[in-house]
Amino acid sequence: MRVAFHSRLALSTLAAAMLASACTSDPIEPEPDPLAAPGNVAATATSNTTAQISFDPVTGATGYRVQRADGAAGANFAVVGNPASSPFTDSGLSSTTAYSYRVAAVSGPEVSDYSAAVTVTTQAVPVQPVTQNITTNTTWTSDKVWLLQGFIKVTNGATLTIEAGTTIKGDFNTLGSSLFILRGARIQASGTEAAPIIFTSSQPAGQRLAGDWGGVIIVGDGIINRGSPVILEGTGTSAANPQVDYSGGTNNADNSGTLRYVRIEFAGFGAAPNVELNTLTLAAVGSGTTLDHIQAMHGLDDSFEWFGGAVDSKYLVSYNPGDDHFDASEGYIGRNQFLIAFQNARVVPRPPGILATDPQGMENDGCAGANCLNGELSQPLTLPMFRITPPSGCSFLTA
């Protein structure tokens, strides 16, 4: 009994000592306040493709998390940046488009609530009028829309470089507009699948018609089967649209540059009654020129027309022209691979434009009219090659 008594006494003494120790130790630290959401969040459009997001600093934060959603409604937010401080610049946006942003503070594994969302609309792409011929090396950048005002010619041996993703508009006016690459000059228009180069009408979307503007015309130093002079159709109709003579070429290997991943639409302006420009005109263009992945849409005249020369091409798409899809003449001997022509409607022409009465999928002519060296037997004969690969994987050649 004595032993048990002493044991209980010892336990009681130990408990008292522990309680006394606990009462005299440092007080328990309170839990820190959770991170606050950033305040005064604001979004400002700084260009047509960028926006700046600013916010107040948060005490205890070591960084921030910025989320973006498309549209002003702010659904489907996703993280677009983890800046260490304010402000944050978001890039790669689309012009004249609304975006929503919200911001959270971060400290190690801790993430605050997100701020209320703010909305911003990016700026419109600035428009740069082109009113003079291009006589020195020039670059058109993708941060602008380039507006062709009149019959613009690249000449004097100059090279026009067009960045991927650039939009060029032909001005809708009574005198017409187009882009000519003349003999000795070059165009370097290399778009990409994700960022094609687009030539279109200056009319608002939904109001564009076939023939709103002239199209793209390339004149090379290739061989044709007509004697001089040979005036390019659609030119020589006014003082603002002087004649372009493409005769006299001697070099079927001539290089007029590159068109790659390019779309040309609503072209074919009627410079005079029954005298329309084509969507893409290739006059005496040599085989040193690169043409691939080109789409011609809703032109008033032919989608693609070759006058002599020997330029090759591949991946051409013709969609609803007012006349022929593919038209070759005057001694053209180039090779073309992977062509698609699609027609499901007659285009509506810009008044007073006139639709052709004999549109064809593919037209292949010799030489007819003035200055043919030997009539339809004029040399060189028009002997292009078109290679078509059906979906079955079979292929055949036609000339």
Side-chain angles (χ1 to χ4, degrees), residues 130 133-135 140 146 148-160 162 168-171 175-189 197 199-201 210-222 224 226 229-238 240-249 254-259 262-272 275-286 289-291 294-297 299-309 311 313 316 318 321-324 326-330 332 334:
V130 181
N133 289 340
I134 297 168
T135 58
W140 291 351
W146 299 84
L148 303 171
Q149 295 185 321
F151 296 85
I152 304 300
K153 296 178 174 64
V154 183
T155 185
N156 197 41
T159 295
L160 171 62
I162 304 177
I168 303 95
K169 293 185 177 181
D171 195 17
L175 297 178
S177 58
S178 55
L179 179 65
F180 290 78
I181 314 301
L182 296 186
R183 180 170 291 164
R186 293 185 181 183
I187 181 171
Q188 296 294 344
I197 294 167
F199 289 86
T200 190
S201 163
D212 276 353
W213 70 292
V216 177
I217 303 95
I218 303 178
V219 180
D221 192 37
I224 65 172
R226 285 186 183 229
V230 185
I231 305 306
L232 190 69
E233 65 180 12
T235 69
T237 59
S238 67
N241 180 29
Q243 292 182 343
V244 173
D245 183 353
Y246 62 94
S247 63
D254 184 44
N255 182 358
S256 293
T258 298
L259 290 181
V262 171
R263 186 171 82 236
I264 310 170
E265 58 188 21
F266 303 103
F269 174 75
V275 182
E276 296 87 14
L277 291 161
N278 301 296
T279 297
L280 177 59
T281 300
L282 302 162
V285 177
T289 308
T290 299
L291 303 174
I294 303 172
Q295 185 176 25
M297 295 178 56
L300 182 54
D301 205 61
D302 300 339
S303 286
F304 299 88
E305 183 155 9
W306 296 264
F307 296 102
V311 64
S313 69
L316 304 184
S318 171
D323 198 0
D324 305 329
F326 307 102
D327 189 348
S329 62
E330 298 184 7
Y332 173 56

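- Every residue two or more places apart in sequence or in another chain was checked for a side-chain hydrogen bond (donor to acceptor under 3.5 Å, both in side chains) with Gln295, and none qualifies.
- Taking CG of Asp171 as the reference point, atom CG of Leu148 lies at 8.5 Å (rounded to 0.5 Å).
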**Message:** side chain to side chain donor-acceptor pair (under 3.5 Å), that's the test. Do Asn133 and Thr135 meet it? Break it down for me.
**Reply:** CA-CA 6 Å; Asn133 289 340; Thr135 58; over 6 Å; no

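- Side-chain contact between Leu182 and Tyr246 is absent, with no heavy-atom pair separated by less than 4.5 Å.
- For Met297 against Arg263, the heavy-atom pair with the smallest separation is SD-CD, 3.4 Å.
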**Message:** Let's go through Asp323 and Glu276 carefully: what are the C-alpha distance in whole Å and the side-chain angles of both, what is the deciding distance for side-chain contact (heavy atoms from CB on, under 4.5 Å) to 0.1 Å, and is it a yes or a no?
**Reply:** CA-CA 10 Å; Asp323 198 0; Glu276 296 87 14; over 6 Å; no

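- Val244 and Lys153 make their closest contact through CG2-CE, 4.0 Å (heavy atoms, listed as atom of the first residue, atom of the second, distance).
- For the pair Phe266 and Ala210, the tightest heavy-atom approach, listed with the atom from each and the gap, is CD2-N, 4.1 Å.
- Distance check, rounded to the nearest 0.5 Å: CG of Leu160 to CD1 of Ile168 gives 8.0 Å.
- No donor-acceptor distance shorter than 3.5 angstrom exists from the side chain of Asp245 to the backbone of Ile231, with no hydrogens or angles considered.
- Under the 3.5 Å distance criterion, the side-chain polar atoms of Asp302 are matched with a main-chain donor or acceptor of Asp324.
- Looking at every heavy atom in both residues, Thr235 comes nearest to Gln243 through OG1-CA, 3.7 Å.
- Summarising the geometry of Phe307 relative to Asn278, their closest heavy-atom pair is CE1-ND2, 4.4 Å, with the distance given to 0.1 Å.
- Residue Asn255 holds its CG atom at 6.5 Å from OG1 of Thr290, rounded to the nearest 0.5 Å.
- With sequence neighbours left out, the side-chain hydrogen bond (donor to acceptor under 3.5 Å, both in side chains) criterion links Thr279 to no other residue.
- To the nearest 0.5 Å, the span separating CZ on Phe326 from CG on Leu280 amounts to 11.0 Å.
- Distance check, rounded to the nearest 0.5 Å: CZ of Phe199 to CD1 of Ile162 gives 4.0 Å.
- A distance of 8.0 Å separates CG in Leu259 from CD1 in Ile197, rounded to the nearest 0.5 Å.
- A distance-only check finds a donor-acceptor pair linking the side chain of Arg183 to the backbone of Gly220 [under 3.5 Å].
- Between Ile294 and Phe304 the shortest side-chain heavy-atom distance falls below 4.5 Å.
- Considering every non-hydrogen atom in both Ser247 and Ile224, the closest pair reads CA-CD1, 3.9 Å.
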**Prompt:** Where do Ser238 and Asn241 land on the side chain to side chain donor-acceptor pair (under 3.5 Å) test, with the steps shown first?
**Reply:** CA-CA 5 Å; Ser238 67; Asn241 180 29; 5.2 Å; no

**Message:** Show, in sequence, the C-alpha distance, side-chain angles and deciding distance for Thr258 and Gln188, and conclude whether the side chain to side chain donor-acceptor pair (under 3.5 Å) test is met.
**Reply:** CA-CA 5 Å; Thr258 298; Gln188 296 294 344; 3.3 Å; yes

**Prompt:** Do Ile264 and Trp213 pass the side-chain contact (heavy atoms from CB on, under 4.5 Å) test, and can you show the C-alpha distance, the side-chain angles, and the key distance before you say yes or no?
**Reply:** CA-CA 11 Å; Ile264 310 170; Trp213 70 292; 3.9 Å; yes

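- Checked options Ile217, Asp301, Val216; the residue passing with Leu277 is Ile217 (criterion: side chain to side chain contact (heavy atoms under 4.5 Å, CB included)).
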